[in-house]
Amino acid sequence: MGRVVVLAVNGVRHEAADVHPSMTLLEFLRTKTPVRGPKLGCGEGGCGACVVLISKYDAATDEVTDISASSCLTLVGTLHHCSVTTSEGIGNTRDGYHPVQQRLAGFHASQCGFCTPGVCMSIFSALVKADKHAAPPPPTGFSSLTCSEAEHAVSGNLCRCTGYRPILDACRSFAADVDLEDLGLNSFWNKCADDPADVTKLPEYSPGSVCTFPDFLKAEIKSHDGKSLPPENSAGWYHPRSIQELHGLFAANWFDETTVKIVASNTGAGVYKEEDLYEKYIDITGIPELLVIDSSSNKGVEIGAAVSISKAIEVFSRGTSPVFRKIAAHLGKVATPFVRNTATVGGNLIMAQRHRFASDIATLLLAAAARVTVHTASEMLSLTLEEFLEQPPCDAKTVLLSIFVPDWGSDSVIFETSRAAPRPFGNAISYVNSAFLARTSGDAASGDLLIQEFCLVFGAYGGVAVRARKVEDFLKGKSVSAPVILEAVQLLKDVIRPSQDTAHPEYRVSLAVGFLFSFLSSLGKDLIEPTEAITPNNGIINGTAKSSPEVANDSLPIRSRQELVFSEEFKPVGKPITKAGVELQASGEAVYVDDIPAPKDCLYGAFIYSTHPRAHIKGVNFKSSLAAQKVITVISAKDIPVGGKNIGTSYPMLGDEALFSDPDSEFAGQSIGVVIAETQKYAYMAAKQAVVEYSTENLEPPILTIEDAIQHNSYFRIPPDLAARPVGDFDKGMSEADHNLSGEVKLESQYYFYMETNTALAIPDEDNCITVYSSTQTPEITQNVIAELLGIPYHNVRVITRRVGGGFGGKAQKGCPVACACALAAFKLRRPVRMYLDRKTDMIMAGGRHPMKVKYSVGFKSDGTVTALHMDLRINAGISPDVSPMLPLFIIGALKKYNWGALSFDVKLCKTNVSSKSAMRGPGEVQGSFIAEAIIEHIASVLAVDTNGVRRKNLHGFESLTTFYGKAAGDAATYSLVEMFDKLAASPEYQSRRAEVERFNGGSKWKKRGISCVPITFTVTLRPTPGKVSILNDGSIVVEVGGVELGQGLYTKVKQMAAFGLAELDDDGVLLEKVRVIQADSLSLVQGGFTGGSTTSETSCEAVRVSCAALVERLKPVKESMEANNSGGAPVAWSALIAQATMASVNLSAQAYWTPDPAFVQYLNYGAGVSEVEIDVLTGATTILRSDLLYDCGESLNPAVDLGQVEGAFVQGVGFFTNEEYATNADGMVINDGTWTYKIPTVDTIPKQLNVEFINSALDKKRVLSSKSSGEPPLVMAASVHCAMREAIRAARTEFSAESPLTFQMDVPATMADVKQLCGLDVVEKHLHNLVYKAA
């Protein structure tokens, strides 16, 4: 045995001994060290939850190099003599928190907290990099980062909770060029008072305060003559130091490319997932030829294939050629910062060559005429990159050594690159990318540019990057004119032919046409307006950057404004205090289910699921593979104990869903069984080895769509007490109408994308008892279902949930099967069993938001007043009822925000062979509210009038509000929607902005803007909730509630309420810091119900307040007695009061089960949102320029928490309405099943300006301290973005004379492809034909 891998983790020496060679750094940190900060969010390098700092030491120069990296992809075998710093290493409870952590906490930038350690490390890494060689030093308290660099630092980090705005504020607080007054709500200064922003009020930042490379490791390296020698072929790792050594390994009798993996950074594993375990790894990063960087020649730059993308960006940025600088700028949009730091240029090209990977790098370098040096088993070859890419996929023994990019100089050279992708900053594969290089000369007679040399490269459209040679040949020697461009476009459409399985093929062809048109137009005269003479990505033309100040661009800074209402009446309730435990979340010390140390003899599970929507399961076997050898057993329906039942989820009175398919699979993604192995990775890999034998004999075809369900009359019954009630007489209303019309709206699904996937840990106990730690929103229901599954009494099952890494409804019903599977396996094997779903499995099994199809008929008068609406609503519920029977009530409730005169509907809940759909944040309400907007917009377009006028005309008066909503309407004084809508839509500022939008659209052909104002009405239903308050002997206070902390600030509000409830006894003002809210425990506090519906915080607070009132009643006599005995009636210290009460045997624990007043079970939440967007007619890209949200939060229990809920919900809604494409295959199986294909919002897709204002509607004692909910209603306001996009598309359709320019169906989501299609896939051709016609 040779040397083992030695590394430092947070300054402590560790050895990677006795670990499998495939072990990642993340797995090593989480299983072999005490570290828990880095989290597994995706396993693809696409979310940032696992980011750490990796540092390397060069003894020769005595320099430390620091980079951020994805620990989920980095293999520990490559980290010999490296130092790893995690969030715990920069700050923690014991040593004190780092300013990054403190500022994230103080800017309220963490909610569920699962992503926060990764965010911390992305910011910290950027600070380390910026400040390492800062000259001159930044001002005191700041770093050398700029605001733009700070925003880009977290561009690869996903967060589903916050909406990013507070994260960006925390980042920018370190930037030397920041205006601190621009930063949002924080705990360092009071923006609403006369308390100016000042850097001295921020936690002090001092560069270099954290040692990233310990001295002991430096000394160890120096003891080896300054060389960090890798282990000598131990633990399955080989580290050749030359090409000859590498080929010696290739020649070894053990070399087999199916069991041996050659790696440089392993980031490719995030794209092309490993299907089996490897026995051996060969690390090629020690081979000098692969690390060369030679820019000394004036002929060009040579870069070794193992050079990182980040390093290549540095090299090209230093070049004098505009081609090099443009390459560098484009490379900055490839992947994420923490992936670019390790991913290699050569690895990217190899993926393009072997797998036809949609590489931007291949496109760029092909256009720049790059050459590659390749070493095969027999020879060294020098090839053009084009020749290399066109060869058959190279084998494992072919090594790409280096890439040479010639220096094109700057004289008469034009180089432009473009990419269309869902995210401007990167972290998204392009739909199409392009790179164009041309040499031009001037025509002395005409002054036109003549194209002398041309290279046009397109990639990512469904194949490897290619040159459009037919187009090149046609353009050579020509000057650019409209007829020339038109001919070039027609030739290009014959070249760009997406492969058969490529999504949106027509869109991709149109993108390529748009890129070519933009480029060629910039070379001609009088082809596009001067204000629009821009190129995608601010391209380089003749060595100068061209841009336009009038249009949106990626570098626009994120701005915000918050106007909140603070109350002193119930303090500390109403104060914007920071979230409880936020520093623990930032440091990574907060314990989630998967952070609980594994018990002795713990086993791990992973689901085997069906890939067929309806089939007999004939058997399950395993491939002959390395991973299959790790299978210990498979748990399935046959292992359910006698007396138990095959149940995985249940909702009271609505129905159950089976845990396992038995004997038939009913939908693709249904669990067949659980593979049990010794580690979670082994379980993941072993599950992939399962070979399921299916049969469809004697089975009817599956029902997959709403149309299929209608055809087969396949529906679930809606219980009468859940059925919505019609309003008025529809026929009478239609008879009163001047006009009537019909239309259709379709809304697709949305995946929850909580950062922590569903997870559980089950530990068997004595006497047939079991304890299950579950990441669930429903501990009580989970307890009941597990007991039913195992056939044991409920009291034998204890479910504990401390915190959840995001839920959004996806950990209510959908979290239950994971806990059940763990419990069954543990019960059967009598050993602890843990499951943590990989992202793909979670996405396939979780279901998501309900897809639906709506057909409507509406009657209205000529002034826009609606007289009647009928709606045929068809909802795809999936295979089981779940909570679907409640959806129609929610949909109709949100739709009723307008006075429809008369409202009737026919609702069908479709039963289909797809995964059951479940509640997702704002279930039904977000769809219903949008359907209402689609109908209103349709009416406005037919009448050719302002949509806001139609909206305003049909908003309720209080009388009609009561007719439509009944008791939920409350008192007239609480109806604030009309006032709110007018405050936004009728304001002079809005009218001015609308006029500016019209002016912009009149002068801009290829960019169009739209602005829209959308009102919302959201019905909130209160539920019974328990609460318990206990005072311990030292005066500290323990609070239990039935709700679960999901990131929504439940525990924070409860802490405040407990301090308020006991304030009458607190003369010291110390109670807030003495309160601790502890985990939900199904046996400690029964009848906990579920956490959801936006009301858990307020009802839990009320239960706690009632409990506190009971304690005050008991303790007040003791306090009065003590005051009477004190001289002068001196105040009684809290600690003394509790000591005396303990001596007097006063019961210091009180519990309440709060139930709402039967006369006040529901109330209405109101809001209005204005959004302004800009669309790119050539690409379909949408930039949200600004969103203004006005929200009736009542008297907020905590304005900081509620602000976070409003912003986070809104941005989640933006995802639903724009880029979150929930795609399935022909069997109903989800195929957008990871971060590569499913795109939630990121820092670069949120509004460039996000303003939030709270209004405090009339006090209402029936509500909890006059508060209102904030978790779900704001999401509905994101429809304003979709509506603004429609307005912009209308402008584009009018510009290009589309058929029916104002009236068209625009479904949800409206992706880039959809926007482009609605604008017109042929707008370039139309424009060119028009120019040619005019010239003639």
Side-chain angles (χ1 to χ4, degrees), residues 570 572-574 577 579-581 776-781 783 798-804 1020-1032 1035-1046 1048-1066 1071-1072 1074-1116 1138 1146-1157 1160-1161 1197-1198 1201 1261-1271:
F570 307 116
V573 173
I577 68 170
K579 184 178 180 293
T776 178
Q777 296 174 235
T778 58
E780 180 185 14
I781 294 175
Q783 172 200 37
R798 184 183 186 195
V799 175
I800 297 173
T801 305
R802 179 180 292 181
R803 60 172 57 84
V804 172
V1020 176
T1021 302
L1022 302 174
R1023 302 189 310 273
T1025 309
K1028 181 180 180 181
V1029 181
S1030 303
I1031 305 172
L1032 305 186
S1036 57
I1037 302 163
V1038 176
V1039 179
E1040 293 179 75
V1041 291
V1044 174
E1045 177 59 58
L1046 312 171
Q1048 81 279 42
L1050 165 63
Y1051 286 4
T1052 309
K1053 290 180 175 179
V1054 164
K1055 276 187 68 171
Q1056 290 174 275
M1057 184 61 81
F1060 166 71
L1062 297 173
E1064 191 175 344
L1065 305 172
D1066 179 24
L1071 288 192
L1072 187 62
K1074 289 187 175 293
V1075 179
R1076 179 182 294 274
V1077 186
I1078 62 172
Q1079 61 200 18
D1081 184 330
S1082 63
L1083 291 185
S1084 178
L1085 193 66
V1086 300
Q1087 295 178 286
F1090 64 92
T1091 302
S1094 297
T1095 62
T1096 310
S1097 291
E1098 59 191 284
T1099 56
S1100 295
C1101 281
E1102 187 64 3
V1104 167
R1105 191 183 68 80
V1106 174
S1107 300
C1108 288
L1111 290 172
V1112 169
E1113 186 177 353
R1114 296 173 199 166
L1115 289 168
K1116 195 171 182 181
I1138 300 308
V1146 174
N1147 182 359
L1148 295 179
S1149 183
Q1151 182 171 339
Y1153 187 67
W1154 180 80
T1155 57
D1157 183 342
F1160 189 77
V1161 178
L1197 299 177
N1198 183 318
V1201 167
K1261 292 184 178 180
K1262 293 188 290 293
R1263 301 197 307 265
V1264 178
L1265 300 187
S1266 291
S1267 67
K1268 283 191 172 185
S1269 66
S1270 61

Do [X] and [Y] come within less than 4.5 Å of each other through their side chains, counting heavy atoms only?
| X | Y | answer |
| --- | --- | --- |
| L1265 | M1057 | yes |
| I1037 | V1029 | yes |
| I577 | K1055 | no |
| D1157 | K1262 | no |
| T1091 | V804 | no |
| F1090 | R1023 | yes |

Original post:
Are any side-chain N or O atoms of S1036 and backbone N or O atoms of L1032, one a donor and one an acceptor, separated by less than 3.5 Å?
Top reply: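 No.
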
Once rounded to the nearest 0.5 Å, what's the spacing between atom [atom1] of [X] and atom [atom2] of [Y]?
| X | Y | atom1 | atom2 | value |
| --- | --- | --- | --- | --- |
| I1138 | L1065 | CD1 | CG | 7.5 Å |
| E1040 | S1107 | CD | OG | 10.5 Å |
| L1083 | Q783 | CG | CD | 5.5 Å |
| L1111 | R1114 | CG | CZ | 5.5 Å |
| N1198 | C1101 | CG | SG | 9.5 Å |
| R803 | Q1079 | CZ | CD | 10.0 Å |

**OP:** Output all residues satisfying side-chain contact (heavy atoms from CB on, under 4.5 Å) with Q1087, sequence neighbours left out; order by chain, then residue number.
**Re:**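 Scan of Q1087 (side-chain contact (heavy atoms from CB on, under 4.5 Å), adjacent residues dropped) gives Y1153.
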
**OP:** Check whether the side chains of S1269 and S1094 place a donor and an acceptor atom closer than 3.5 Å, and report yes or no.
**Re:**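 Looking only at side-chain atoms, S1094 and S1269 do not form any donor-acceptor pair under 3.5 Å.
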
Original post:
Between the side chains of R798 and S1084, does any donor sit under 3.5 Å from an acceptor?
Top reply: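 No, S1084 and R798 have no side-chain donor paired with an acceptor closer than 3.5 Å.
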
Subject >> Residues E1098 and R1263 bridged, charged N to O under 4.0 Å >> reply: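 Not counted as a salt bridge, because no side-chain N and carboxylate O are separated by less than 4.0 Å.
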
Subject >> Residues in side-chain hydrogen bond (donor to acceptor under 3.5 Å, both in side chains) contact with T1155, at least two apart in sequence or another chain >> reply: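 Once residues adjacent in sequence are excluded, T1155 has no partner under the side-chain hydrogen bond (donor to acceptor under 3.5 Å, both in side chains) criterion.
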
Original post:
In a check of side-chain contact (heavy atoms from CB on, under 4.5 Å) between Q1048 and each of T1052, V1044, L1050, which one passes?
Top reply: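 Of T1052, V1044, L1050, side-chain contact (heavy atoms from CB on, under 4.5 Å) with Q1048 is met by L1050 alone.
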
Which atoms form the tightest heavy-atom contact between [X] and [Y], and what is the distance?
| X | Y | value |
| --- | --- | --- |
| L1046 | Q777 | CD2-CG, 3.6 Å |
| G1035 | K1074 | O-CD, 3.6 Å |
| V1112 | G1061 | CG2-O, 3.3 Å |
| V1039 | V1104 | CG1-CG2, 3.7 Å |
| T801 | P779 | OG1-CG, 4.0 Å |
| E780 | G1088 | OE1-N, 3.4 Å |

Original post:
Considering residues, nucleotides and ligands other than R1076, do more than 12 of their heavy atoms fall under 6.0 Å from its CZ?
Top reply: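 Incorrect, the count does not exceed 12.
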
**OP:** Taking ring-ring contact (aromatic ring centres under 6.0 Å, His included) as the test, write out the residues that go with F1060, two or more places apart.
**Re:**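 Here the qualifying residues are F570.
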
